[in-house]
Structures are given as structure tokens and as C-alpha cells.
Amino acid sequence: MQSFVAEPDELEWPHSSQGNEEKRNLSLGGHVGFDSLPDQLVSKSVTQGFCFNILCVGETGIGKSTLMNTLFNTMFENEEASHYQNGVYLRPRTYDLQESNVHLKLTIVDTVGFGDQINKEDSYKPIVDYIDTQFENYLQEELKIKRSLFNYHDTRIHICLYFIAPTGHSLKSLDLVTMKKLDSKVNIIPIIAKADTISKSELHKFKIKIMSELVSNGVQIYQFPTDDEAVSEINASMNAHLPFAVVGSVEEVKVGNKTVRARQYPWGVVQVENESHCDFVKLREMLIRVNMEDLREQTHARHYELYRRCKLEEMGFKDTDPDSQPFSLQETYEAKRKEFLGDLQRKEEEMRQMFVNKVKETESELKEKERELHDKFEQLKRMHQEEKRKVEEKRRDLEEEMNAFNRKKVAAETLSLSQPLKKDKDKKK
Amino acid sequence: MTTNIRYKSRIPVKTEDSAEEKQYVGFATLPNQVHRKSVKKGFDFTLMVAGESGMGKSTLVNSLFLTDLYKDRKLLNAEERINQTVEIIKHTVDIEEKGVKLKLTIVDTPGFGDAVNNNECWKPITDYIDQQFEQYFRDESGLNRKNIQDNRVHCCLYFIPPFGHGLRPVDVEFMKALHEKVNIIPLIAKADCLTPNEIKKLKDRIREEIDKFGIKVYQFPECDSDEDEEFKQLDKELKECTPFAVIGSNTVVEARGQRVRGRLYPWGIVEVENQSHCDFVKLRNMLIRSHMHDLKDVTCDVHYENYRAQCIQEMTSKLAQDNRMESPIPILPLSTPDAETEKLIKMKDEELKRMQEMLNKMQQQMHDKD
């Protein structure tokens, strides 16, 4: 028998994911040129175009549409929403924007009717359902046999801007409940809307209160990433400014010798892009200029993966079977299908059984009814015969009476015939 | 500080005309006497403030009465407010100005509209108002009526948030539940978040919606025809300004060389008492300087009387059904209308009507003949 001496590498090769492969660093002799890879990636994505989806959650009239107009410097068409909706519903609108040679397919989803109802216990449900539906659509596309992911219009929500009303005290109860339901499904950035109604000192206290409430209730909001040295510093400082206090405006006012976007009050002019007036510039930087790509990544890598895992586990898929051997999706599919067919058959049997039972029941009922009817008919017949007999008797009686009467009549007539002769004789005398 | 609305004092000055002295009886001094007595007795006023948390109610009350009523109060945070019920808290202060004493009661309604499910969140408030009416009714019908305490709510300031496009369903429901029980004055809170155009649009919208939903807010009484033009003009302006857009402040800032109540922003200073900034001055003048007594009168004459009539009707109909029940309040022996007398009354009414019509016809004929 040949002795088989195995080399260490070969023994470990089937489990390469757990093994310690030796990686060797080599130095290059000259300029190869693969440093142009990022550029190739960039030019490919630019030709493909980008897509970004924003969800705006906030009360009616809090300034969601105005802020979107201000952020993207465009007038998206919007009618004013009414306060008297029966429930919350989501209104997605897609726009194609272009800046230099970059195309952006922007979808803005509005929550219409949020916060208006008297009973707001179910207000968060339509929002959660919408986010889940977008994930589901993507999952379906991913699981298809013939799929075209590169062509797929990704509608998953990348960022949720939560508009907090500037009361100056703390979050509203509805805000807390909604954010808790959303924090595991989407990146949330809370912002303080209509911030020109809060003075600086109040704003400071308000921000601290909001953040402490979020932390103490375990709400996870989006943190700007600090792992990339290029942007870590600015991101870290921005994280400290959350939630951003923003003011939106599309009207232009002349200040000094410039025309800026601002709100004109009798006591002064609030400039949207003035950093000492509000945090609009910070929001724009963070949202659009620095972290847009990171938001998309997080949505895909964290929130979508979580959804996918939960969904597949629900369906019964597992990564390892009881013997802790890696399961193949194929086998799982087969097993599931068999199960499903078995279920179907069983259900069919049940239904058939039920149907047969029902038919039997109805039949016996009908028979019962028939018998009753028959009995009734017999009874009626008997009664009818009784009646007939009685009537017959009466007729006979009547006939007898008539005969008797006739006889008497005849007798009376004959008597009367012999009588009048006597009378006449009397009279003549 | 001069006020713009002049409250015309109705105390006449005695003319020194010797010829008239003989005919001068002297009852023209009655207003004087009323003035003296009322100063001696002192006044009381109960004001209710209602609206969501964070609308600036406490700040406005402090600004109106220039005192600090809300020291050391504890505000709940969002988690505690998810299932909060509405409470009623009363603060009473005695303030005095130029010898006139006022016992001011502020009824606060923390928790209104703060929970996630706000179904019937106005019920504790309507119950409170009814309770005050009932207590006054009992006191009034009692034997010893010397020291009746009037705790009835004379006015309710309702704060509408400026962030929306008009009235919200909860606002409409609240006002409809309360408009027959108390004088409602709607206010637009935190008006420093609206530009003058936006304020105008919002006010028009709110006035429209108040009409549409049939809400009866407090109406200023018409001014008498003998007032001078300036007063009438001011009154008209006041009426067109409702609902008032108010701003309140607890802090004093320096503006244009003076120390005023205001809010300091990086882009300017909002002065609470500047008429071009907000309607605070109009509200204060209306509420305190000219219409405080009218609010009390309307409460006594209209809202309370409605309540009383309703109460009595309920009681008598109950008595008619169940004669054994003793009423806790001694009522005058009212003739309980039973069905027959009612029928008779109806018949007589109809007869009267017919006769009236005939009379009218005859008069018409006579007139035509002439």
C-alpha cells in the first residue's frame, strides 16, 4: 500500500476561508498602470449615472418640500398638502438632474398626512411598509434566474430626513416612536426644521436634549463615517452638530450688494447659506458633497443585508444545516419545493374531504325535508277526506229533508184542492 | 408707555353752572360710586391656556402679566409623553396695580395633544369647565350666598402651531368641543417663524376654516355709535387682525437704545411689544385693558346661563319620570308640563296664530280700501 504523504497546503486547501494563506508583498520594477483603476471605475459610474433616494418624514407644513427645493436648487412641483388626510401615505417622485457631466436620478418620497390625525398610533406603518417593499423588490430581482442588476432602477431609500418641529423643549412622542421603528431599516438624519424660530442659546439646549433622548431610547441615527482619513476630520466635527438646524427658502433677498436665498422679516433677514444663521450649509456638505456614496453603501451593506437575512430565515433558509455542513441554495430550494407541494396536496385532500362531507350533509337534510313534506301531504289528504265525508253526510240529510218537504207539499196541495169546493159552496149560500 | 387704544373713562365731570345746580339731582356720580366699590372689592379673572407642548404658552402668560408664574416646573421628555393624559393645573396669583387688585387664576393644560393617541384628549378640559359651572350653580342656589367664589373659566387662549397650513383636525375638534362652554380666543403661536406675507395667508386660512367648521370663537362686541372715529377705526383693525399672531419672551434685551422684552437672534432682535413685529400688544390691550370685563360678562350671561338652563331641563325631565327622587338643589315649584297641558298650549298657540293672521288680513283690507 502506498503511503500518502500530504503537504500542509493541500490539507488546508478545501477550507481556504479559515486558512492562513501566505500573502507576499512584491515590489514593482516600473510603472504598470493599474493605478488608473479608480479612474476607470469612476468613468464607468459616471456613464451609468447615479441614483439617490431621499425619504422626508415630518408633519404637514414643516418645510419638507421647501428644503428639497433649497438643497437641490430646483423647483420640484409641489402642491400644498391638506391637514385632513385620513391616514399617512407616501408619495414618491423621481427627477432627473444633471450637474456638469454627472447624471443623478433623484427620487424624493414625501409622507403626506403624517402627524395630522388625532390617533397617530399607526402612523409609522405605511412608512415601514414602503421601505420594506423597496427592499423586497430588490431581493426579488436578486433572486431571479435571469436578472439584470446593473440595469435595475434601485428604489431603496438611502437616507431618511426626519424633520423635528422646533418646539424648543424636546422630541415629540410621535417622533420617538417613529424613529425607533425606522432606525434599523434606513439611515436617519434628524434635522430641526424652521430653525429661525429658536434663538442660539435655546438651540444649544434643544440639540443636547434631543440627542440625549435619542441615546437613552436606543435610537440609532446615521453617523458620518470617520474611518476614511480624507473626510474623517470634517465628519467627526459634523457629528457633533447633529441634529442640524435648517432654514429653507427659495426666495431671493438683496443683502448688501449680493442677492442670496433668505427669509425677510421685519426685524432682519435670515440667510440660508450663512453658517452663523443656520446649519443648512453643513447639511448640504454632509448629505450631498461628502457622504452620498457612503449612504448608498450603508443602505446596501447594512440595512438591505439585514432585511434579506431576516426574510430568508423566515422562509426557512439557513446557512448551515444540523450537521453544520454548508447548505447549498439548490438543495434548500428542492427541499422547500417538496414541502410546499406536500402541503398543497394535503390541503387539497382536506378540501375534498370537506366537500364530500358537505354534500352528504346537504343530501341528508334534503331527504329529511322530503319526508316531512310527504307526511304533511298525507295529513292533508286525510283531512280532506274527512271533510268530504262530512259534506256527503250533510248532503244526504239535506236530500232527505227535501224529499220529506216535497211529500208534505204534495199532500198539502191535494188537500187544498178538495177544500176550495167547500168554500165556494159556503160563499154562494 | 402709552397705549394706543384709549379706554374711555366714563366718569363725568360735574359742571359748575349755578343755574343748573337747582336741577342737578346728583345720580351722575353713580359711575364714581361703582368705581370706588369695585376697587374696594377687587376683581378676579380666570384664564385657561391650551395647546400642544412647546407652543410658548407659559412664556406668553409671563409676558402678558409681567410676572414669572412658572418657576421650577418639570417638563416631561418624549418617552414619558407617549401615553400621557391631560392634567389640569391651576396657578393663582394676586397682583395689584394703582390700587386695583386682581386675583388672577391661570388654568394650565399640560399634556394636551402630546400623546401618540389623542382621542378625546379635550375631555378632561370640558369636564373641568363643567365642574366649575356646576359648583357655581350649587353655590348660587344655596342658602348662604355671601361668599361665592367664582372659579368659572372666563377665557381660553388656544395656541395654534404656525408650522402647518392652517387648522389641524385636533384643533378643530378641541374648539368645537369647547366653543359653547367658554370664550375661545385662537392665537398663532411662535409667530417669529413666519414672514408678514405668510402670517397674512395663515390668518386668512384660519378664519376661513373657522367659518367652514362653524366654530364660534369670541367676538368683540360692536362699538357704540357714539364713539369717536379713531376708536372705531382701532376697533375695526383689531377685529380684522384675528387670530392674533403672538410672540412671547422671558428675557429682556437691548434694542435701539432701550431695554425691551425680546428675542435675540443672529439676524436681528424681535421685540415683543413692537406692533410691526407681532400682535402681542393688540392681544394684551384686548385681553386686559379693554375687554376683560366683557369676557366675564359673556361667560356669565351666555355660557353659564346655557349650562344652567340645560341642567335644569335635565333635572325636571328626570323628576317627571321618577317622582320619588329628591333633588339635591331646592328648585322653585315649576309646573311639570305633562302631555295634556302641552297639547292645550299648542292648540292655544295655533289659535292665537290664526287670529293674528286674520287680524293682519283685515288690517290689510282696511289699508287697501283707503
Side-chain angles (χ1 to χ4, degrees), chain A residues 58-63 80-85 115-123 163 165-178 193-202 209-210 212-214 216-217 247 249 251 262-271 274 276-278, chain B residues 52-56 59 75-84 113-121 161-174 189-198 202 209 247 249 251 253 255 262-271 274 276-278:
Chain A
E59 293 176 3
T60 307
I62 200 98
E80 240 178 39
S82 111
H83 281 281
Y84 299 99
Q85 306 280 350
D116 278 334
Q117 298 79 34
I118 295 185
N119 184 352
K120 298 175 264 204
E121 281 176 346
D122 292 335
S123 293
F163 288 69
T167 57
H169 291 323
S170 64
L171 283 176
K172 293 195 183 172
S173 48
L174 175 67
D175 296 340
L176 197 60
V177 165
T178 311
K194 301 208 168 176
D196 53 356
T197 199
I198 315 185
S199 64
K200 260 211 158 50
S201 50
E202 292 169 355
K209 189 83 206 303
I210 292 180
S212 78
E213 281 197 322
L214 289 175
S216 66
N217 281 294
V247 173
S249 171
E251 283 150 16
R263 286 174 66 75
Q264 171 115 52
Y265 288 109
W267 49 87
V269 179
V270 182
Q271 295 163 36
N274 185 331
S276 60
H277 285 189
C278 71
Chain B
E52 276 184 6
S53 189
M55 286 291 115
T59 314
L75 290 169
L76 297 177
N77 56 15
E79 200 190 347
E80 291 164 357
R81 281 193 267 155
I82 291 179
N83 288 318
Q84 197 189 27
D114 282 345
V116 178
N117 183 352
N118 288 318
N119 266 335
E120 306 237 309
C121 61
F163 311 125
H165 296 311
L167 292 177
R168 299 164 306 160
V170 69
D171 302 331
V172 173
E173 291 301 312
F174 176 85
K190 295 205 164 177
D192 54 353
C193 94
L194 298 168
T195 60
N197 269 344
E198 290 168 353
L202 188 60
E209 289 182 346
I247 302 174
S249 169
T251 53
V253 295
R263 291 174 63 74
L264 179 64
Y265 288 115
W267 48 85
I269 300 181
V270 183
E271 293 163 49
N274 186 331
S276 58
H277 288 188
C278 71

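Letters A, B, ... mirror the listed sequences (proteins, then strands); counts begin at 1. In this text, all values refer to a predicted model and were calculated from it rather than measured experimentally.
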| task | Would you check if the side chain of B/Y265 reaches a backbone N or O of A/H277 as a donor-acceptor pair within less than 3.5 Å? | result | no
| task | Tell me, yes or no, whether the heavy-atom count around A/E202 atom CD, taken from other residues, nucleotides or ligands under 6.0 Å, exceeds 12. | result | yes
| remark: In terms of heavy-atom contacts, A/K120 and B/N118 come closest through NZ-ND2, 3.7 Å
| side-chain contact (heavy atoms from CB on, under 4.5 Å) between B/F163 and A/K194: does it pass, once the steps are laid out? | CA-CA 8 Å; B/F163 311 125; A/K194 301 208 168 176; 3.8 Å; yes
| Donor-acceptor pair, A/Y265 side chain versus B/H277 backbone, under 3.5 Å? | no
| request: Check for a donor-acceptor pair, side chain of A/K172 on one end and backbone N or O of B/A115 on the other, with a separation under 3.5 Å. | output: no
| said: Quick check on B/P162 against chain A: is it the side chain, the backbone, both or neither that has a heavy atom closer than 4.5 Å? | reply: backbone
| field | Interchain contact, A/L171 with chain B, by part (heavy-atom threshold 4.5 Å) | value | both
| Measuring heavy-atom distances to chain A, does B/E198 have an atom under 4.5 Å in its side chain, in its backbone, in both, or in neither? | side chain
| request: Could you list the residues that satisfy side chain to side chain donor-acceptor pair (under 3.5 Å) with B/D114, not counting sequence neighbours? | output: none
| said: Using a 3.5 Å distance criterion without hydrogens, assess whether the side chain of A/H83 forms a donor-acceptor pair with backbone atoms of B/P169. | reply: no
| remark: Whatever's closer than 4.5 Å to a heavy atom in chain B on A/I210 counts as neither
| Nearest-0.5 Å distance that lies between atom CG in A/D116 and atom CG in B/L167 | 11.5 Å
| message | Please classify the contact of A/E213 with chain B as side chain, backbone, both or neither, using a heavy-atom distance under 4.5 Å. | response | side chain
| message | For A/I118, is there any backbone N or O sitting under 3.5 Å from a side-chain donor or acceptor partner on B/R168? | response | no
| request: Mind ranking A/V269, A/L174, A/V247 by heavy-atom pairs under 4.5 Å with chain B and telling me who comes out on top? | output: A/V269
| request: Under 4.5 Å heavy-atom distance to chain B, tell me which part of A/A81 shows up: side chain, backbone, both or neither. | output: backbone
| said: Is A/N217 close to chain B through its backbone or its side chain, or both, or neither, when contacts mean heavy atoms under 4.5 Å? | reply: side chain
| remark: Smallest heavy-atom separation, A/Y84 atom then B/V172 atom, equals OH-CG2, 3.6 Å
| Partner set under ring pair (Phe, Tyr, Trp, His ring centres under 6.0 Å) for B/F174, not counting sequence neighbours | B/F112, B/Y158
